[in-house]
Amino acid sequence: MKLSVIIPVFNTRKYLERCVSSVLGNQGVDLELIIVDDGSTDGTDVLCNQLAERHQQVSVIHIDNSGPATAKDRGLDRAKGDYVALIDSDDAVQPDMFVRMMDAARRYQADIVCCNYSEVYEDGTTREFHYSHQEYLFEGTEGARRFLMKQGIYTQCWTKIFRRQLIEDHHIRHLEGMRTDEDFVFNIQCMMKSRRVVVVDEPLYIYTNRESSLSRDYFRKDIGSYIDNRWRRFELTGQLVAKAGQELRQAALFNQLFYCNELLGRIALFPELYHQQQARRVTHCMKSHPLMLWKHRQMMGLSLGGLFLLLLLPTSLYMRYRGTRIH
């Protein structure tokens, strides 16, 4: 079984070599490493070529800057492995990550294998989460339900490997040009088509928490596009589960409301949007489902008082309240 590891890169010269070394340090797995340079301007493109010259397993694709969704798809077009992984160029993987995940894929004949992660800050401090150190098999739509309910399966692609045949058989790709939410869009399509999802609940991936990361910066630079991407995500989720059972539709609604609330937190940073249609659209969506908000308010991060204000106040006044909650 061969694994194709795809790394989209954009101006991450400082981190890329560490990332590549950690991937190639996985012994006991047959892998190819495809780096997709998304129009870097800081010398990352030169480093990509050097890494390809240095390592036989590494190949490079250079494209004009198009965003991570397009870059990942160019890597998928070239991938030849039985499974594919999509990881970020400023992160790293444990020496046994892919061995463990490919072994689980083989034993369970899984369509998707997921793992857990640890978080490293730029000052070197590390944050870890709760790990059961167990493996879990979810069949049918249970994997999709747990993904939507945020129950041990994360939104990001980088905690997963995917059976490439699943992706190709169902023509799954990212939404062209998306610069945020592209991982969720890809994941939900795969989850809805998968029949066996395995979770290896170990911190096998090392996520680097950077203040200047592309995903962290983007909403501040272009909040309008950020909001539009989030709605494209909501609409796709609704379409995919429209014919599914009630339990999965409820899980999709929970996910939409959870991220509507997060979106309001982003909008609260831009007072000029408080009276705009975009803010009203989000609050309307949330106000339409008071029972779901009540049931899951703690998980969504809504205080009791905040929930009542959301339901009772006009959007502009509620957004002013949210703005006062920003620290």
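The structure displayed is predicted, hence computed values, not measured ones. When a residue number appears, it is its place in the shown sequence, counting from 1. Because only heavy atoms are used, hydrogens play no part in the values below, and waters and symmetry mates are left out as well, while side chains stay in.
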Parallel, tilted or perpendicular, as decided by the 30° and 60° cut-offs, for the rings of Y131 and F129: perpendicular
Where the side chain of S4 meets the backbone of V84, is there a donor-acceptor pair that is under 3.5 Å apart? no
Closest heavy-atom contact between I87 and P8? O-CD, 3.3 Å
Heavy-atom side-chain proximity of D111 to C190 below 4.5 angstrom: no
State whether the side chain of D82 and the backbone N or O of K2 hold a donor-acceptor pair below 3.5 Å, judged by distance alone. yes
By side chain to side chain donor-acceptor pair (under 3.5 Å), H171 pairs with (sequence neighbours left out) none
Answer yes or no: are there more than 12 heavy-atom neighbours, outside Y121 itself, under 6.0 Å from its atom OH? yes
CA sep, side-chain torsions, deciding dist, call: R74, D38, side chain to side chain contact (heavy atoms under 4.5 Å, CB included): CA-CA 10 Å; R74 296 296 81 79; D38 188 24; over 6 Å; no
Test side-chain hydrogen bond (donor to acceptor under 3.5 Å, both in side chains) applied to R145 and Q151, step by step: CA-CA 8 Å; R145 189 193 70 80; Q151 294 176 341; 3.2 Å; yes
Is the closest side-chain donor-acceptor distance between D90 and T208 under 3.5 Å? no
With a 3.5 Å distance limit and no angle check, can you tell me whether N11 reaches the backbone of D42 through a side-chain donor-acceptor pair? yes
For the hydrophobic clusters of this structure (ILVMFWY residues joined by side-chain heavy atoms under 4.5 Å, transitively), does one cluster hold both L175 and M192? yes
What pair of heavy atoms forms the shortest contact from R18 to I206, and how long is it? NH2-CG2, 3.9 Å
Y318 and L263: same hydrophobic cluster, using ILVMFWY side-chain contacts below 4.5 Å? yes
In this structure, would L166 and V198 fall into the same cluster of hydrophobic residues linked by side-chain contacts under 4.5 Å? no
To check you understand the geometry: which heavy-atom pair defines the closest contact between A104 and V200, and what is its length? CB-CG2, 4.0 Å
Between D88 and Y207, is there a side-chain donor-acceptor contact under 3.5 Å, judged purely by atom types and distance? no
Quick one: CE on M319 to OG1 on T324, what's the gap to the nearest 0.5 Å? 10.5 Å
Distance-minimising heavy-atom pair for I6 and G75: CD1-C, 3.4 Å
Determine yes or no for a side-chain-to-main-chain donor-acceptor pair under 3.5 angstrom, with D183 supplying the side chain and T155 the backbone. no
Give the intermediate values and the outcome of side chain to side chain contact (heavy atoms under 4.5 Å, CB included) for residues M191 and I153. CA-CA 10 Å; M191 287 287 175; I153 301 179; 3.5 Å; yes
Within a reach of under 6.0 Å around NZ of K287, are more than 12 heavy atoms found that belong to other residues, nucleotides or ligands? yes
If Ile, Leu, Val, Met, Phe, Trp and Tyr residues are connected whenever their side-chain heavy atoms lie under 4.5 Å apart, and connections chain through other members, are L47 and I7 in the same group? yes
Looking only at side chains, do Q246 and R249 share a donor and an acceptor under 3.5 Å apart? yes
Taking atom CZ as the centre, does R320 end up with more than 12 heavy-atom neighbours from other residues, nucleotides or ligands that are less than 6.0 angstrom away? no
Distance from L307 atom CG to M286 atom CE, nearest 0.5 Å? 8.0 Å
Within the 4.5 Å heavy-atom criterion, are C285 and L257 side-chain neighbours or not? yes
Say you draw a straight line from OG of S40 to NE2 of H62; how long is it, rounded to the nearest 0.5 Å? 9.0 Å
Are side-chain N/O atoms of Q189 and R173 paired as donor and acceptor at under 3.5 Å? no
Nearest-0.5 Å distance that lies between atom CD in Q156 and atom NZ in K160: 6.5 Å
Using distance alone, with no hydrogens and no angle criterion, decide if Y136 and D201 have a side-chain donor and acceptor under 3.5 Å apart. no
Flag for R297-N261: side-chain donor and acceptor within less than 3.5 Å: no
L33 and M101: same hydrophobic cluster, using ILVMFWY side-chain contacts below 4.5 Å? yes
Decide whether E135 and Y108 meet the rule of one side-chain donor and one side-chain acceptor closer than 3.5 Å. yes
Evaluate D228 against Q278 for side chain to side chain contact (heavy atoms under 4.5 Å, CB included), listing each step before the verdict. CA-CA 9 Å; D228 290 343; Q278 290 170 311; 4.1 Å; yes
Does any non-hydrogen side-chain atom of Q27 lie less than 4.5 Å from one of V99? no
Flag yes if more than 12 heavy atoms outside D169 fall under 6.0 Å of its CG atom; otherwise flag no. yes
Between L148 and F254, is there a side-chain heavy-atom distance shorter than 4.5 Å? no
How far apart are the C-alpha atoms of Y154 and N187, what are their side-chain angles, what is the distance that settles it, and do they pass the side-chain hydrogen bond (donor to acceptor under 3.5 Å, both in side chains) test? CA-CA 9 Å; Y154 297 100; N187 269 300; over 6 Å; no
